[in-house]
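Here is the structure we will look at, set down as structure tokens.
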There are 2 protein chains.
Amino acid sequence: MRKDSRLSRMLHVLIHMNQLDAPATSEKIASMLNTNPVVVRRTMAGLRDKGYVSSVKGHGGGWSLAISLSDITLLDIHNAIGESSVFTIGLSDEHTSCPIEIAVNQAISDVLIEAEALLLERFRDVTLDMLAVGFADYPLNQQASSGE
Amino acid sequence: MRKDSRLSRMLHVLIHMNQLDAPATSEKIASMLNTNPVVVRRTMAGLRDKGYVSSVKGHGGGWSLAISLSDITLLDIHNAIGESSVFTIGLSDEHTSCPIEIAVNQAISDVLIEAEALLLERFRDVTLDMLAVGFADYPLNQQASSGE
DNA sequence: CATTAAATAACATCATAAGTTACATGAAAT
DNA sequence: ATTTCATGTAACTTATGATGTTATTTAATG
């Protein structure tokens, strides 16, 4: 099933942006991601709406970080992207009044909710500056961050 | 992103099959799921390969449970279906040697692995007979079975 | 031999992230 | 003011994989 790589891509870009002096144009970011400027604008727009980045039109314009990497968590970006669900697993809805279908869906749903809660909790524990730290340690990529 | 409802559907079917005396034809199962006999055969084939159901051709043929519901877990069926990944979240691979991309992907991957481990663990704790119990408790079916 | 039902191949449909094209809007440089 | 640069946005195409469909073959029963 096709994967949604927006989270990974946006995190990647944000950390790179932190090391730049000037705003990064959509064109520049797109070439960084081997993609298209419009795709970049589309996804970055969600981050701007939440206040993580800002955009400026015209000469010298482009995208900049609006707040510090240490104030942005994986969860923040995950939410800003607005993914409908993190799971490929869905529930059937052929017979919503069939007690078996209800029991089955309830059992699956319980597990998905618990697993997603754990995932979101872990995402909330990681700020983007932690990932930038790994950069300094490259190529050994030693575990200097406090994450588990 | 489109959901994969095969797990829910197969669990639903297996529990219904447990209440039948004769083999269920793909046709019958398909109408139960509002779908097509070929779709049923395609998915059931995976369960048969793992020994959870058996299929018989010709007159009086169809699909039957090969083992007890109490010996089948959600995890068993999940594995038998052979989903590639439970997550819609994917990792970028534009620059596999970029230390930032590596750090980002590692962080995401760590979380996904932990969340999936929890999910699989929970799936392993639920056997199909547990879901069938809910059936007896359902108001519309109280005449079906009173003991529990 | 006729009928039933699975097995299989080949193809169509659908949803959605991603990619693309085209044009409008706004800001800075000249 | 005009040109240039870059975002904003609409509309469309592409790619992918579960799902759906049609047609044919294989096997078992009556």
Side-chain angles (χ1 to χ4, degrees), chain A residues 1-10 12-13 17 20 22-49 53-64 66 78 81-94, chain B residues 1-10 13 17 20 22-49 53-64 66 78 80-94:
Chain A
M1 180 165 289
R2 166 158 266 217
K3 296 305 194 69
D4 180 349
S5 61
R6 286 178 294 171
L7 176 62
S8 176
R9 283 177 147 186
M10 286 302 103
H12 186 187
V13 163
M17 280 169 57
L20 302 175
T25 66
S26 300
E27 190 91 37
K28 185 173 180 178
I29 294 171
S31 71
M32 187 188 303
L33 296 177
N34 291 336
T35 182
N36 189 289
V38 178
V39 173
V40 172
R41 290 188 194 112
R42 185 186 295 155
T43 313
M44 295 287 283
L47 308 195
R48 181 195 53 216
D49 294 346
V53 298
S54 59
S55 60
V56 174
K57 288 183 175 179
H59 272 281
W63 299 87
S64 308
H78 170 73
I81 287 170
E83 288 175 292
S84 51
S85 167
V86 299
F87 296 109
T88 58
I89 297 176
L91 305 180
S92 61
D93 59 352
E94 289 89 21
Chain B
M1 179 165 288
R2 167 158 266 217
K3 294 307 193 69
D4 180 349
S5 60
R6 287 178 293 170
L7 176 61
S8 176
R9 282 177 149 185
M10 286 301 102
V13 164
M17 280 169 58
L20 302 175
T25 65
S26 300
E27 190 90 37
K28 186 172 180 178
I29 295 171
S31 71
M32 187 188 303
L33 296 178
N34 291 335
T35 182
N36 190 289
V38 180
V39 173
V40 172
R41 291 187 191 111
R42 187 185 294 156
T43 314
M44 294 286 284
L47 308 194
R48 182 194 53 215
D49 294 346
V53 299
S54 59
S55 60
V56 173
K57 288 183 176 181
H59 272 281
W63 299 87
S64 307
H78 170 73
I81 287 171
E83 288 175 292
S84 50
S85 167
V86 298
F87 296 109
T88 58
I89 297 175
L91 305 181
S92 61
D93 59 353
E94 288 90 19

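A note on names: the letters A, B, ... follow the listed sequences, proteins ahead of strands, and every chain is numbered from 1.
As rounded to whole Å, 8 Å separates atom P of dT22(D) from atom CG of N36(B). Going from atom CG of L33(A) over to atom C1' of dA18(C) covers 12 Å, rounded to whole Å. At whole-Å resolution of the value, CG in D4(A) and C1' in dA15(D) are 15 Å apart. Counting to the nearest Å, the C1' atom of dT19(D) and the CD1 atom of I89(A) are 17 Å from each other. Protein atom CD1 of I29(B) is 15 Å distant from nucleotide atom P of dT19(D), rounded to whole Å. Between the P atom of dG19(C) and the CG atom of N34(A) lies a distance of 9 Å, rounded to the nearest Å. Taking atom CE of residue M44(B) and atom P of nucleotide dT19(D), one finds them 15 Å apart after rounding to whole Å.
No side-chain donor-acceptor contact under 3.5 Å links R9(A) and S92(B). With 3.5 Å as the limit, one finds no donor-acceptor pair spanning the side chains of R6(B) and T43(B). With 3.5 Å as the limit, one finds no donor-acceptor pair spanning the side chains of S54(B) and W63(B).
Of the listed residues (K28(A), M44(A), H12(A)), just one forms a side chain to side chain contact (heavy atoms under 4.5 Å, CB included) with M17(A), and that residue is M44(A).
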Study note, to complete from the structure: Scoring nucleotides 3-13 of chain D by protein non-hydrogen atoms under 4.0 Å (B base, S sugar-phosphate only, - none) yields -BBSBBBBB--
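Residues T88(A) and S85(B) approach most closely at OG1-O, 2.8 Å, considering heavy atoms.
In this structure, D4(A) CG and I81(A) CD1 are separated by 6.5 Å, a value rounded to the nearest 0.5 Å.
OP1 or OP2 of dG20(D) lies within a sub-4.0 Å distance of a side-chain N or O belonging to T35(B).
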